[in-house]
Student: 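The structure's right below; bear with me while I get my questions together.
Since this is a predicted model, take the numbers as computed values, not measurements.
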Amino acid sequence: MLGSVADIARRLDARVVGDGGVVIERLAGLDGADASSLSFVRDMRQAARWEGGGAGAALISASLLDEKSIELTVDGGRALIVVDDADLSMIELLAQATPETVRPEGIEEGAHIHASAQLGEGLLIAAGASVGAGAAIGDGTVLHAGARVGGDTRIGKGCELFANAVVQDRCTLGDGVILHPGVVIGADGFGYRPAPNDGGIIKIPHAGIVEIGDGVEIGANTCIDRGKFGATRIGAGTKIDNLVQIGHNSEIGRCCIICGTSGLAGSVKLGDGVTLAGDVRVVDGVSIGDGATIGGGAGVMHDVPPGETWLGAPARPARDAKRMFVALEQLPDILRKMKKHLSE
Amino acid sequence: MLGSVADIARRLDARVVGDGGVVIERLAGLDGADASSLSFVRDMRQAARWEGGGAGAALISASLLDEKSIELTVDGGRALIVVDDADLSMIELLAQATPETVRPEGIEEGAHIHASAQLGEGLLIAAGASVGAGAAIGDGTVLHAGARVGGDTRIGKGCELFANAVVQDRCTLGDGVILHPGVVIGADGFGYRPAPNDGGIIKIPHAGIVEIGDGVEIGANTCIDRGKFGATRIGAGTKIDNLVQIGHNSEIGRCCIICGTSGLAGSVKLGDGVTLAGDVRVVDGVSIGDGATIGGGAGVMHDVPPGETWLGAPARPARDAKRMFVALEQLPDILRKMKKHLSE
Amino acid sequence: MLGSVADIARRLDARVVGDGGVVIERLAGLDGADASSLSFVRDMRQAARWEGGGAGAALISASLLDEKSIELTVDGGRALIVVDDADLSMIELLAQATPETVRPEGIEEGAHIHASAQLGEGLLIAAGASVGAGAAIGDGTVLHAGARVGGDTRIGKGCELFANAVVQDRCTLGDGVILHPGVVIGADGFGYRPAPNDGGIIKIPHAGIVEIGDGVEIGANTCIDRGKFGATRIGAGTKIDNLVQIGHNSEIGRCCIICGTSGLAGSVKLGDGVTLAGDVRVVDGVSIGDGATIGGGAGVMHDVPPGETWLGAPARPARDAKRMFVALEQLPDILRKMKKHLSE
């Protein structure tokens, strides 16, 4: 139970419109909300759903309430909690409502830690986790069951490696990095060449590493390969979703967002603040400029200038892509007319 | 060795047409079948392949043999075993021919089980598996090596978690759930928002869980994220293939089939009995109605009504999509004619 | 430090053009190269980048230097090392520059090995790795932390199973196979059929196995399912990238290259020397002939003859696909003209 609307508003230093006595038991999206749910309203579309829905209360940004002059109904034992930024206040409440992760109890018996590893203060390392020779792990980092830190790898402070996440030899993670279960950092890049005289395929050794910046979060079962020379790099603050593939020697800037099941071939460059929606494919060697956005399912085969939005496969600037989608929609009808016209 | 055709027919309570003495040593598809193979014929196309192939025997549904008046050749030491349903009888034989999975021998030394976990009767827990604080596991469930059950998670009866499958904190699995190796249930959803004043990216806490119904089977390395509020839900009897991504707060109905490498963004709703063929992408918030089918490689961007088949990217009703495919096939020729016509 | 250009040339039995005294500290691509970097030049495009770039030295194939009569500048303390094959020489240097993988120290305490397993000579098995009943492992094979070898599985000589790689029961690996972290070999194929009388979905047992040939390398978190009958087969020398799905009873030839996030449904056949670029989808039962190449993002729905290159979704021969791409590019403009023309 989160308390009454009045209680919550007090904790958020916020104003109440309507019935401060409504008792809130859960946070919910507007869809699943009932009389004891606190939801949120951050745009006009959600405002309409508040009107028609059953949420007992909602957070709303003052700017929306004031500037748009929305008339929202708060009678019948409902209430709005007016805050500066409904998103940020909801994040604050979610943080309060999210139970603590169940963590290892210190360095557990059954953790496999090489004698030569350097361990910081306050580490939590679960039974079944493993730390290789020459590795170094910063203060307060957590390794869950089955997590593996390879030889000579350096992990920063306050990181969390969830169950069965793997960081291979010689890679480096900054501070506050989160690896969700099953992540694989630093497997060999996919590089081969034909052997002379039809003698099969030769593996290209991968002498490089992976370098991951501070505050990066990487989703479950995502893979980031080590470089052939030098490093595959993930810039500070970048967030990567589940089941993403990032090829050898790619360089991802700061604060990028890469959504699920996307795949970057080798030596791809992303600037800062780039967004790749889900299931994007980027061919090797392509550069995507700062702040660019690539739509879901796109196949990027050419460099994308900073700030642009590209869509489709092959991807092209949004304006061109939309023109093409419209043309395609009309295509069957136009062709039918065309054939008739040509045959006349 | 499975025995003679006559033996097998007796076990299936079936009738033999042809030589009951043919000795069967293996089950096989019609392609790989030889004189000591038992295969199956379930449609006219397979009947033709029986005629031209080398299988010593085949299961055939009585309905096919009788209603279609097929004349199948069974001379030369070949035989047909006539059953009610060739598929079901083949499943019965496959079950007999499949060796038992090699399971842990009780609760093995080297399994890491928190003292506060509640364990049912007859559990098999391998060395290297791990059960968190406050977890509860039902009777007869099997945890293979490296499987992880998070804190306060509830696993039903008769489940099997294969090697290195992970269920994070507070999630729930029904009875008879199968998680193949490397599955990740309950990682945080991919939710962020820009920090005020260009201060980077803020992680949205995920207070929710994942709820998985009875009899669900989930393929290797598939990921299902926990909800932001409430639960991501997988309905009873649903089957999910390998390397599938299911985003936070998605709700999948009962007895759905989701094929490999598909990706569902957040808050997707699937009704009951929905089929997604391979590599389907569904954008966030979309609903797909009961019994709908989505073709391989489709990108679903709009709600799909119950029972419909949609194809393509962006996906559209099959009839429209096929019209478009046909139009596209003709496009280069028509454009050539067009250009000529316009230039005349 | 790799030594002076003269030293490196001596080790490679190569000729120096320019300043043999240049001291090399690292290998690098032409992009990231500085005065103490050794890079490589293998075509005219790279020759131009050498001219404009800052690499202190480069490997170059004699054939390129001689036959093409390139005039490459080597003044100002730069040097070219002329070798028979710049690629092969670079691989030799990379192999020298790549530190040894940090491996388990013999059979470590905390490895879980069933008493009935047959172990070869010189095995390295990490704490937390696990070997099932009746398994057999050849000489010199390495199991890293959390790797799992299932019951009755046979692993050849000189294999390396990285952290948390899983091979399920009864599968077989040849010699020199590399499984990167999180690989899953031998999970059940995705096979079901509707139960009679609307009774849900029946699982088809998978009696088969996976057979992997000598020298195969499989990328992180890739999944290869076991056959329903018989085997899913991966031919010797084939290389598979990360996050690839290979369905039950598929048969992959020798020395194929399958790039990341590709998905093969069941019973797909690839000949020898087939290349699938990234994110290719192949529907069930399709055959792709020897030496064929499939472009990135393609969806293969029909058999591909040997040696052909197919592109697009649905995939078609490269010549047709390119014609269609060109037509699509022109489509919006042509349609506009068309509509104008038809309305006149």
Student: If I measure from the heavy atoms of chain C, does B:Arg254 come under 4.5 Å with its side chain, its backbone, both, or neither?
Tutor: neither
Student: Of the non-hydrogen atoms in C:His112 and B:Gly128, which two are nearest, and what is the gap between them?
Tutor: NE2-N, 3.9 Å
Student: With chain C as the partner, which of B:Pro332, B:Gly215, B:Gly29 has the greatest number of non-hydrogen pairs under 4.5 Å?
Tutor: B:Pro332
Student: So which part of C:Val244 gets closer than 4.5 Å to some heavy atom of chain B, the side chain, the backbone, both or neither?
Tutor: backbone
Student: Measuring heavy-atom distances to chain C, does B:Ile91 have an atom under 4.5 Å in its side chain, in its backbone, in both, or in neither?
Tutor: both
Student: Pick whichever of B:Lys239, B:His180, B:Arg336 has the most heavy-atom pairs under 4.5 Å with chain C.
Tutor: B:Lys239
Student: Quick one: which of B:Gly278, B:Gly296, B:Ala28 has the most heavy-atom pairs under 4.5 Å with chain C, could you say?
Tutor: B:Ala28
Student: Taking all heavy atoms of C:Gln168 and all of B:Pro181, pick out the closest pair and write down the distance.
Tutor: NE2-CG, 3.4 Å
Student: Under a 4.5 Å heavy-atom cut-off, does chain C meet the side chain of B:Asp84, its backbone, both or neither?
Tutor: neither
Student: Could you state the interatomic distance from CD1 (C:Ile246) to CG (B:Leu243), rounded to the nearest 0.5 Å?
Tutor: 10.5 Å
Student: Do B:Asp241 and C:Asp225 come within less than 4.5 Å of each other through their side chains, counting heavy atoms only?
Tutor: yes
Student: So which of B:Cys255, B:Pro104, B:Gly146 has the largest heavy-atom pair count under 4.5 angstrom toward chain C?
Tutor: B:Cys255
Student: Within this structure, what is the CG-CD distance for the pair C:Asp188 and B:Glu217, rounded to the nearest 0.5 Å?
Tutor: 6.0 Å
Student: What part of B:Thr261 gets closer than 4.5 Å to chain C, counting heavy atoms only: side chain, backbone, both or neither?
Tutor: side chain
Student: For the pair C:Asp169 and B:Arg103, find out whether any cationic side-chain nitrogen is under 4.0 Å from an anionic carboxylate oxygen.
Tutor: no
Student: Could you tell me which portion of B:Leu311 (side chain, backbone, both or neither) has an atom closer than 4.5 angstrom to a non-hydrogen atom of chain C?
Tutor: neither
Student: Report which part of B:Glu100 has an atom under 4.5 Å of a heavy atom belonging to chain C: side chain, backbone, both, or neither.
Tutor: backbone
Student: Taking the side chain as everything from C-beta on, heavy atoms only, tell me whether C:Arg193 gets closer than 4.5 Å to B:Asp85.
Tutor: yes
Student: Provide the closest heavy-atom pair for C:Gln330 versus B:Leu335 in the form atom of the first, atom of the second, distance.
Tutor: OE1-CD1, 4.2 Å
Student: Are B:Glu329 and C:Asp320 packed together at the side-chain level, in the sense that at least one heavy-atom pair is separated by less than 4.5 angstrom?
Tutor: no
Student: Any donor and acceptor pair, going by atom type alone, linking the side chain of B:Asn221 with main-chain N or O of C:Gly182 inside 3.5 Å?
Tutor: yes
Student: Which distance, rounded to the nearest 0.5 Å, do you find between the CZ of C:Phe229 and the CE of B:Met90?
Tutor: 4.0 Å
Student: Please determine, among C:Val326, C:Asp152, C:Thr222, C:Asn164, the option with the most heavy-atom pairs under 4.5 Å with chain B.
Tutor: C:Asn164
Student: Out of B:Ile178, B:Asp279, B:Thr238, which one racks up the most heavy-atom pairs below 4.5 Å with chain C?
Tutor: B:Asp279
Student: Does CE in C:Met301 sit with more than 12 non-hydrogen atoms of other residues, nucleotides or ligands closer than 6.0 Å?
Tutor: no
Student: Do C:Ile202 and B:Leu88 make a side-chain contact, defined as non-hydrogen atoms from C-beta onward lying under 4.5 Å apart?
Tutor: yes
Student: Heavy-atom distance under 4.5 Å to chain C: side chain of B:Glu108, backbone, both or neither?
Tutor: neither
Student: To the nearest 0.5 angstrom, please state how far the CZ atom of C:Arg170 sits from the OG1 atom of B:Thr101.
Tutor: 7.5 Å
Student: Given heavy-atom pairs under 4.5 angstrom as the criterion, report whether the side chain, backbone, both or neither of B:Asp87 touches chain C.
Tutor: both
Student: Quick check on C:Asn249 against chain B: is it the side chain, the backbone, both or neither that has a heavy atom closer than 4.5 Å?
Tutor: neither
Student: Would B:Val102 and C:His114 count as a side-chain contact (heavy atoms from CB on, under 4.5 Å) if you check the C-alpha gap in whole Å, the side-chain angles of each, and the deciding distance to 0.1 Å?
Tutor: CA-CA 11 Å; B:Val102 175; C:His114 196 275; over 6 Å; no
Student: Which pair of non-hydrogen atoms, one from B:Ile240 and one from C:Phe190, has the smallest distance, and what is that distance?
Tutor: C-CE1, 3.4 Å
Student: Which bit of C:Pro196 is near chain B, if near means a heavy-atom gap under 4.5 Å: side chain, backbone, both or neither?
Tutor: side chain
Student: Mind listing the closest non-hydrogen atom pair of B:Ala145 and C:Ser130 along with its distance?
Tutor: CB-OG, 3.6 Å
Student: Is there a donor-acceptor pair closer than 3.5 Å between any side-chain N or O of B:Asn242 and the backbone N or O of C:Cys223?
Tutor: no
Student: Between C:Lys203, C:Arg148, C:His206, which shows the greatest number of heavy-atom pairs under 4.5 Å with chain B?
Tutor: C:Lys203
Student: Counting only heavy atoms closer than 4.5 Å, note whether B:Leu328 contacts chain C via side chain, backbone, both or neither.
Tutor: both
Student: Under a 4.5 Å heavy-atom cut-off, does chain B meet the side chain of C:Ala313, its backbone, both or neither?
Tutor: neither
Student: What are the two closest heavy atoms between C:Ala187 and B:Ala220, and how far apart are they?
Tutor: CB-CB, 4.3 Å
Student: Counting C-beta onward and ignoring hydrogens, is there a side-chain heavy-atom pair between B:His144 and C:Val166 closer than 4.5 Å?
Tutor: no
